[in-house]
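Shown next, in structure tokens, is the structure this report addresses.
It should be emphasised that the depicted structure is a prediction, and the values quoted were computed from it without experimental measurement.
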Amino acid sequence: MKRLILLVLCGFIFYKAAGTGYPFPAGSGAIGMGNTSVTRADVWSVVNNISGLANLQSPTCGVYYANYFGIQAFNKYNAAIALPYRNLWTGINISRYGDGNYNESFLGLGLAHKIRNVSLGLKADLFQLQITEEKTLHKILFSFGGQAELSEELSFGAYIHNINQAKIRKDLEERLPTVMKLGILWKPSSKIQLSVETEKEIRYSMNWKAGMEYAPVKGFRIWTGINSFPSRVFFGAGIRKYNFEVAYASGTMSAAGSTHHLTLNYYFR
């Protein structure tokens with residue numbers, strides 16, 4: 001029991017230091033913009049805010065890899081696919097981070113629907129916690145999100161992850177993180193996007209985030225962003241050619257080091 005509690009606490013320390021979310025955010029674009037993900041609409045919305053899938057233009061799949069502070073045990077792997085079905089969009093993702101001694105995995109399924117300028121989404125995640133010499137734990141987490149296009153230039157997003165506040169184990173008071181996010185996206189021109197977002201995990205201080213995307217030419221994007229808690233700086237870039245998109249982002253935190261994020265997306269049409 002002491003071993004289990006210690007390892008779980010280590011996992012939560014990593015959650016705050018790396019800002020990974022449990023399991024979001026995902027995708028180099030969101031990371032490069034300072035983890036401002038709640039108003040984005042791409043295949044990684046299945047992780048970041050399920051309602052964003054309803055604003056996609058084509059079916060998409062992607063893979064995402066992240067390395068935190070050069071520590072192999074903190075590597076994260078993620079795969080996602082988004083497909084339309086009648087008036088709905090369906091998203092599936094699988095993610096894992098950790099090593100053979102301690103690892104966490106998510107298998108998620110979500111649905112999103114758009115009514116005029118409002119998109120709503122609901123998602124369920126099967127969470128698995130695996131620790132050496134301990135019984136593997138499984139929990140179901142539910143999440144809900146929405147996006148609204150207030151105008152052609154302004155959008156709003158909101159998301160609640162683990163709305164049911166699932167416990168790690170019945171005999172432990174520690175619960176998996178419940179995270180609430182609110183954000184605004186402003187597009188002052190066809191080449192520039194600015195986002196501001198606030199994130200609150202119910203046990204920790206509020207984190208303010210801001211990011212910018214600049215697209216100087218078609219198919220090429222540059223990102224930068226900042227966070228307040230913990231204080232971090234981000235940058236990244238992405239190139240899209242034909243049906244493929246490759247993107248890289250990095251974040252720096254003076255107390256711990258750098259994080260690296262690589263994404264490959266494929267657009268079916």
Side-chain angles (χ1 to χ4, degrees), residues 1-28 30-31 35 37 44 46-48 62-80 92-109 123-143 161-162 164-179 199 201-204 207 227 229-230 232 234 248-264:
M1 176 61 69
K2 291 182 179 180
R3 177 185 176 88
L4 173 63
I5 294 174
L6 177 61
L7 288 172
V8 168
L9 289 176
C10 288
F12 287 137
I13 291 172
F14 165 63
Y15 155 71
K16 289 311 297 176
T20 58
Y22 271 68
F24 55 80
S28 300
I31 302 296
N35 294 330
S37 59
W44 299 109
V46 69
V47 180
N48 302 325
V63 291
Y64 164 69
Y65 165 78
N67 174 265
Y68 293 88
F69 318 126
I71 302 174
Q72 186 175 359
F74 287 169
N75 285 353
K76 177 185 283 188
Y77 307 89
N78 206 321
I92 301 172
N93 82 282
I94 182 169
S95 66
R96 182 185 187 276
Y97 83 77
D99 57 16
N101 296 317
Y102 178 96
N103 62 79
E104 300 184 8
S105 301
F106 285 86
L107 175 61
L109 173 64
K123 186 188 179 191
D125 281 291
L126 173 61
F127 169 77
Q128 174 182 283
L129 173 62
Q130 190 172 38
I131 303 173
T132 302
E133 299 178 0
E134 296 287 347
K135 182 180 178 182
T136 300
L137 306 178
H138 296 90
K139 291 293 177 181
I140 299 293
L141 287 67
F142 294 99
S143 304
H161 171 71
N162 187 25
N164 56 314
Q165 300 186 41
K167 285 186 176 182
I168 296 175
R169 261 174 49 170
K170 292 182 179 179
D171 55 342
L172 294 177
E173 289 301 320
E174 193 69 62
R175 298 177 184 269
L176 293 170
T178 295
V179 183
E199 177 183 290
E201 204 280 309
I202 58 176
R203 301 164 302 171
Y204 296 101
N207 181 20
N227 282 187
F229 180 74
R232 289 178 293 166
F234 301 84
Y248 168 80
S250 178
T252 60
M253 185 167 62
S254 59
S258 300
T259 66
H260 303 276
H261 310 262
L262 184 64
T263 303
L264 175 62

Would you give the length of the straight line joining atom OG of Ser95 to atom OH of Tyr77, rounded to the nearest 0.5 angstrom? 12.5 Å
Nearest heavy-atom contact between Leu176 and Asn162 is O-ND2, 2.9 Å
Would you give the length of the straight line joining atom CG of Asn164 to atom CZ of Arg175, rounded to the nearest 0.5 angstrom? 9.5 Å
If I compare all heavy atoms of Glu201 with all of Pro177, which pair ends up nearest, and what's the gap? OE2-CA, 3.4 Å
Look up atom CG in Asn67 and atom NE2 in His260, then write down how far apart they are to the nearest 0.5 Å. 6.5 Å
Just so I know, are the side chains of Val47 and Phe106 near enough to count as touching, which here means a heavy-atom distance under 4.5 Å? no
Sequence neighbours excluded, the answer for side chain to side chain contact (heavy atoms under 4.5 Å, CB included) partners of Ala124 is Phe142
All side chain to side chain donor-acceptor pair (under 3.5 Å) counterparts of Gln128, not counting sequence neighbours: His138
NZ on Lys123 to CG on Leu109, rounded to 0.5 Å: 9.0 Å
Within the structure provided, determine whether Leu129 and Tyr102 are in side-chain contact (heavy-atom separation under 4.5 Å). yes
Tell me which one of Tyr64, Tyr248, Tyr65 satisfies side chain to side chain donor-acceptor pair (under 3.5 Å) with His261. Tyr64
Do Ile140 and Leu126 have side chains that get closer than 4.5 Å, going by heavy atoms? yes
Rounded to the nearest 0.5 Å, what separates atom CG in Asn78 from atom CH2 in Trp44? 4.5 Å
Using every non-hydrogen atom in the two residues, find where Asn48 and Ala26 come nearest and quote the distance to one decimal. OD1-N, 2.8 Å
If every non-hydrogen atom of Ala249 is compared with every non-hydrogen atom of Ser28, which pair is closest and at what distance? CB-O, 3.3 Å
Beyond-backbone contact of Arg232 with Asn35, side-chain heavy atoms, under 4.5 angstrom: yes
Report yes or no: does Ser105 contribute a side-chain atom to a donor-acceptor pair with the main-chain N or O of Ile94 at less than 3.5 Å? no
Distance from Ile31 atom CD1 to Ser37 atom OG, nearest 0.5 Å? 8.0 Å
Within the distance-only criterion (no hydrogens, no angle test), does the side chain of Asp125 pair as donor or acceptor with the backbone N or O of Phe127 below 3.5 angstrom? no
